[in-house]
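Just so you know, these numbers use all the heavy atoms, side chains as well, and skip hydrogens, waters and symmetry mates.
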There are 2 protein chains.
Amino acid sequence: MKLDEAKKQFIQTWGTLGSEWGINRTMAQVHALLLISSGALCTEDIMQELNVSRGNANMNLRELMNWTLINKELVPGDRKEYFVAEKDIWIIAKTIARERKRREIKPVLKVLNSLKEIEGDKKDKEIKAFTETVGNLSNFVDKMDKSVDMMLKADENWFFGAILKMIR
Amino acid sequence: MKLDEAKKQFIQTWGTLGSEWGINRTMAQVHALLLISSGALCTEDIMQELNVSRGNANMNLRELMNWTLINKELVPGDRKEYFVAEKDIWIIAKTIARERKRREIKPVLKVLNSLKEIEGDKKDKEIKAFTETVGNLSNFVDKMDKSVDMMLKADENWFFGAILKMIR
DNA sequence: TCAAACTTTCAATTATTTCTGAAAGTTAAA
DNA sequence: TTTAACTTTCAGAAATAATTGAAAGTTTGA
């Protein structure tokens with residue numbers, strides 16, 4: 001396969017995966033493009049490669065910076081901003097895990113905890129079903145949360161080493 | 001807090017989380033409703049509780065059955081279909097992991113593998129950047145995939161036990 | 001200080017996803 | 001059979017999310 005065709009397919013695939021996981025398709029595509037580029041790209045480059053407007057490119061670049069998945073890079077003698085993506089997949093994975101945890105899991109945990117105590121007869125079938133499910137869920141999400149914390153502290157080889165050792 | 005208010009909040013929260021992770025809000029809400037119900041519910045119940053149309057309720061119930069997160073339940077002497085959700089959070093988590101893996105990760109892995117071989121000068125900067133990123137990514141997704149496989153085979157206590165032991 | 005180069009904003013538009021509800025389809029008891 | 005109870009389908013409507021592009025804002029070098 002030719003490089004250009006492969007790039008297109010990669011960008012397209014990554015964009016689709018992103019939108020299946022609740023990430024704006026274009027944001028995923030911009031990220032994909034930067035991931036496979038050898039050097040830094042400017043807004044203009046991204047507009048051209050992905051056929052998107054200036055506003056769209058700008059907004060998604062900004063968002064990727066909020067996620068700390070990409071960085072600005074200054075080119076001496078040029079006023080334009082250039083962007084590079086972090087290339088280390090382990091760091092990327094940890095960054096995404098950290099961000100989604102912070103933005104999405106933490107708020108849910110807070111709500112779940114606030115729902116553990118319900119007024120009324122503890123023997124009531126409906127109340128029992130509710131508190132039981134909420135309790136189990138809160139418990140489970142807590143454990144998941146702690147597992148992610150561990151992964152965030154770990155080193156890639158150590159982590160996958162330990163995980164894969166568990167299979168044997 | 002009163003049960004009714006708590007139920008509403010739970011359903012709302014779960015729906016929001018679902019849509020942040022690429023799952024139809026109503027599907028997540030129907031699932032939430034069944035998760036905290038003590039008994040089986042019929043389509044009519046769900047339409048009322050969630051204020052959705054018959055078509056919508058039906059479609060999302062069917063989809064939840066495709067995910068094997070809920071089951072039909074027959075009530076003797078009643079022609080209506082009733083639905084119950086699997087309540088074991090560990091089983092639910094494994095089911096979701098299995099399904100997303102099958103539907104979303106597997107296809108991506110296939111594409112990534114097909115993109116590993118690129119025509120042209122292996123020393124070329126662009127080609128090198130591309131094959132390196134794709135290679136690393138494919139490698140990483142592979143390891144993730146295997147980790148999920150392990151989790152799918154594991155028992156909850158054993159799994160979290162082993163994971164949490166890794167921290168110490 | 002000016003103006004060119006560049007970035008950001010945002011109201012309006014477009015695209016995508018989801019939902020509705022009536023009609024068609026199915027099933028089972030009489 | 002027939003028919004009433006129930007489920008499924010799907011075209012159009014509504015809701016939501018993403019995108020555009022021109023104007024406003026900012027920065028920098030001369």
- Query: Do Arg103(B) and Glu63(B) sit within salt-bridge range, that is, some charged N less than 4.0 Å from a carboxylate O?
  - Reply: yes
- Message: What is the separation between atom CZ on Arg25(A) and atom C1' on dA15(C), rounded to the nearest whole Å?
- Response: 10 Å
- Measure from NZ or CZ of Arg100(B) to the centre of the six-membered ring of Trp21(A) and say whether it is under 6.0 Å with the direction within 45° of the ring axis. yes
- Task: Quickly work out the Ile23(A) CD1 to dT17(C) P distance and round it to whole Å.
- Result: 16 Å
- Task: Could you tell me the separation between the CD atom of Glu44(A) and the C1' atom of dG21(D), rounded to a whole number of Å?
- Result: 13 Å
Detail all sub-3.5 Å separations between protein N/O atoms and N/O atoms belonging to nucleotides 6-10 of chain C.
| from | atom 1 | to | atom 2 | distance (Å) |
| --- | --- | --- | --- | --- |
| dT7(C) | OP1 | Glu81(A) | N | 3.0 |
| dT8(C) | OP2 | Asn58(A) | ND2 | 2.3 |
| dT9(C) | OP2 | Arg62(A) | NH2 | 3.3 |

- Is the closest side-chain heavy-atom distance between Asn113(A) and Asp142(A) below 4.5 Å? no
- Examine the side chains of Thr16(A) and Gln12(A) and answer whether a donor and an acceptor come within less than 3.5 Å of each other. yes
- How long is the line joining CG of Asn24(A) and P of dT20(D), in whole Å? 11 Å
- Leu35(B), Met144(A): one ILVMFWY side-chain cluster at the under-4.5 Å cut-off? yes
- May I have the distance from Glu20(A) (atom CD) to dT16(C) (atom C1'), rounded to whole angstrom? 15 Å
- Message: With no hydrogens and no angle check, just 3.5 Å: does a side-chain donor-acceptor pair link Lys80(A) and Thr43(A)?
- Response: no
- Note on the structure: When rounded to whole Å, the CG to C1' distance for the pair Asn60(B) and dT17(C) reads 12 Å
